[in-house]
Colleague: 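Attaching a single structure in C-alpha cells format; questions to follow.
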Protein chains: 2
Amino acid sequence: MADNITPNIQDYLKTIYGLTSNGEEASTTALAARLGIAPASVTGMLQKLASLTPPLVIYRKHQGAALTPEGEKAALEVIRRHRLLEAWLVESLGYSWDAVHEEACKLEHVISEEFETRIAAALGHPVRDPHGDPIPSADLVMPSTNDIPLTSLREGEKAVVRRVGCKDAPLLRHLEGLGLVPGAGVTALAHSPFDGNLTLQVAGRPPAVVGPAICSQIFIERL
Amino acid sequence: MADNITPNIQDYLKTIYGLTSNGEEASTTALAARLGIAPASVTGMLQKLASLTPPLVIYRKHQGAALTPEGEKAALEVIRRHRLLEAWLVESLGYSWDAVHEEACKLEHVISEEFETRIAAALGHPVRDPHGDPIPSADLVMPSTNDIPLTSLREGEKAVVRRVGCKDAPLLRHLEGLGLVPGAGVTALAHSPFDGNLTLQVAGRPPAVVGPAICSQIFIERL
DNA sequence: AAAATAATTTAGGCATACCTAAATTATTAT
DNA sequence: ATAATAATTTAGGTATGCCTAAATTATTTT
C-alpha cells in the first residue's frame, strides 16, 4: 500500500515535519524554499501525497499541508535514520559535525532496516545526534526535550548547550571554534537589550560576544 | 562533462565491466538478463551511453557494447566503492557475507569521496572484499590475481580458496557451512570425470562432495 | 471597496528510464 | 538457398518529478 514512498517523497515528509513540529506553517512557499524547488512543483506533489491511499498529508488549496499519522510515521522513520547516520558517521568514521548532514541526506534513503538496527546498537541507542537533535526511537516516538533558545538566557544565568539547530557547515565550524557544542556549559555575562548580543562564558574559554542570529540557533537547558 | 553519470548508468557500466572482464560479450540480451530489464531498454541506454561526450561505451548495432577508457574509469570507481562497502559492512557492522551485496548495491551510488576514503583507511586499504573479489586501488587499477577455477583441481592437489564468484545469499550461506570461504585450505580427494563432482577435504572439516555448479563459482590458488 | 501585491495553482513541457509490441537483422537448421 | 529461430532495434507509451508562464485566489494597502 504505502510502500511507494520514494526518496523524493521522504524529503517532502521530512520537510513538512520539520516545519510543523516547529510551529511553522507547511505552506507551498515555505516547502519550496526549504526543498530548493519551485512552488508550483510543491503544489503538484502535495496534491499527489494527499491523494495516495492512505494519504500521507492533509492538503487543502491555499492552506498548506499537514502530515497524516501515516505521513508522520514515514517522516519519523527517515528522521531517525538521518540522525542515527549522523551520529554514526561521527562516532565510527571520524567525520566532523559539519560534514555529516550532507552525507546523511543521501544515505537516509537507501539504508536497510538491518543497517539502521546495527548502527543503532553499535551506538548504544543514542537519544541525540551530534547537533543535539533528538533521535526518534525504534518505534518512532520522538523524545521530548526541555530545550529553550539561548536568546532567553540572561545575565548571571548558567546553562548547558543541548542543541544546535543549523546545518550550515561554515557556521558549525565557527561554533565549534567557540566551544558552543552540545554538552558545553555556558554562563551569560551580559545581555544587550538593544542588539540582542549576549556575552557568554563558555567553560574553559575566554568570554565571547554572540549575536542573536547565532543565539537563536542554539538551544540550552538552564541549570 | 561526464558528471551526468546517474546511478542507473553506473549499474550499466558496472555490468558491462563484469561481463567483458570475464571474457563474455556485453550483448544486449546478456545485459538485460543481468540488469533484470527488457532488452529493448538496454538498446536505448547503450545508444545513449555511446552518444555522450565523452562516450562511455563503444556501441555498434547488433554488436554489443564495450567500455571506453572513460566508461571503464567510472565502472572501476563504482566497483571500488561496492567492494570497499562490502568489506566494511562485514568488518565494522558485523554483517554476514551473504547480506552485504544487496546493501552495497544501494550505498555505492550515494557515498561521497570522503566516505570512500575514510572506510578505505579504516579497513587498511584492503585488496579483496569478503568474497575475495579484488578491490580497485584509489587510482582505479584493478589488482591482478592468479585465481583459477576450483573445477581445475585434481586428485591429491592442494589449494587455497581465493574467491567466491556468486552473490546468491542462500548459496553463500551453504558455502560458509562447508567452510568454502576465502583463505580456506582445500585438498582434492577425488574427481569424477563423468559428473564433474569433486570430493574435497576442507581444512578441519569432514570431506564433502561438491558438484560443478558450485565448483565453477569458486576460485583458488594452487599450492 | 477597489487596487495592488503576494501566494498559490493550473497548464503545458522536459528529462530519465522503464515498458510492450512490431519490425528488422543475424544465425542456424534443413 | 530457404525457412525457422534467435537476437536486436524501433516505435509508441508510462511514471516520476522537475520546470516556466499564465491564471487564479488571498491578503494588504489606500
Colleague: Applying side-chain hydrogen bond (donor to acceptor under 3.5 Å, both in side chains) between A/Glu108 and each of A/Gln10, A/Arg80, A/His82, A/Arg81, report the one that passes.
Modeller: A/His82
Colleague: B/Leu180 and B/Leu200: side chain to side chain contact (heavy atoms under 4.5 Å, CB included), yes or no, with the steps?
Modeller: CA-CA 10 Å; B/Leu180 284 171; B/Leu200 283 179; 4.1 Å; yes
Colleague: Once you round it to whole Å, what is the distance between P of D/dT10 and CG of B/Leu46?
Modeller: 11 Å
Colleague: Between P on D/dA7 and CD on B/Glu25, what's the gap in Å once rounded to a whole number?
Modeller: 13 Å
Colleague: Just the rounded figure in Å: distance from P of D/dT9 to CG of B/Leu31.
Modeller: 11 Å
Colleague: Go through the steps for A/Trp88 and A/Phe115 under the test ring pair (Phe, Tyr, Trp, His ring centres under 6.0 Å), then give the verdict.
Modeller: CA-CA 11 Å; A/Trp88 175 80; A/Phe115 193 109; 5.7 Å; yes
Colleague: Rounded to the nearest Å, what distance is computed from the CZ atom of residue B/Arg60 to the P atom of nucleotide C/dT24?
Modeller: 23 Å
Colleague: Taking B/Arg162 first and then B/Asp147, would you say they form a salt bridge - that is, a charged N and a carboxylate O separated by under 4.0 Å?
Modeller: no
Colleague: Please determine whether a side-chain nitrogen or oxygen atom of A/Gln47 lies at a distance below 4.0 Å from atom OP1 or OP2 of C/dT10.
Modeller: yes
Colleague: D/dT24 C1' sits how many Å from A/His62 NE2, rounded?
Modeller: 7 Å
Colleague: Counting only side-chain N and O atoms of A/Ser27, is one of them less than 4.0 Å from OP1 or OP2 of C/dA7?
Modeller: no
Colleague: Is there a side-chain polar atom (N or O) of A/Lys61 under 4.0 Å from OP1 or OP2 of D/dA26?
Modeller: no
Colleague: What nucleic acid atoms does B/Thr43 come within less than 4.0 Å of, heavy atoms only: base, sugar-phosphate, or nothing?
Modeller: base
Colleague: Determine yes or no for a side-chain-to-main-chain donor-acceptor pair under 3.5 angstrom, with B/Glu103 supplying the side chain and A/Ser112 the backbone.
Modeller: yes
Colleague: Taking B/Arg34 first and then B/Glu24, would you say they form a salt bridge - that is, a charged N and a carboxylate O separated by under 4.0 Å?
Modeller: yes
Colleague: Going 5' to 3' through nucleotides 14-22 of chain C, assign each nucleotide B (protein heavy atom under 4.0 Å from a base atom), S (under 4.0 Å only from sugar-phosphate atoms) or - (no protein heavy atom that close).
Modeller: --SSSBBB-
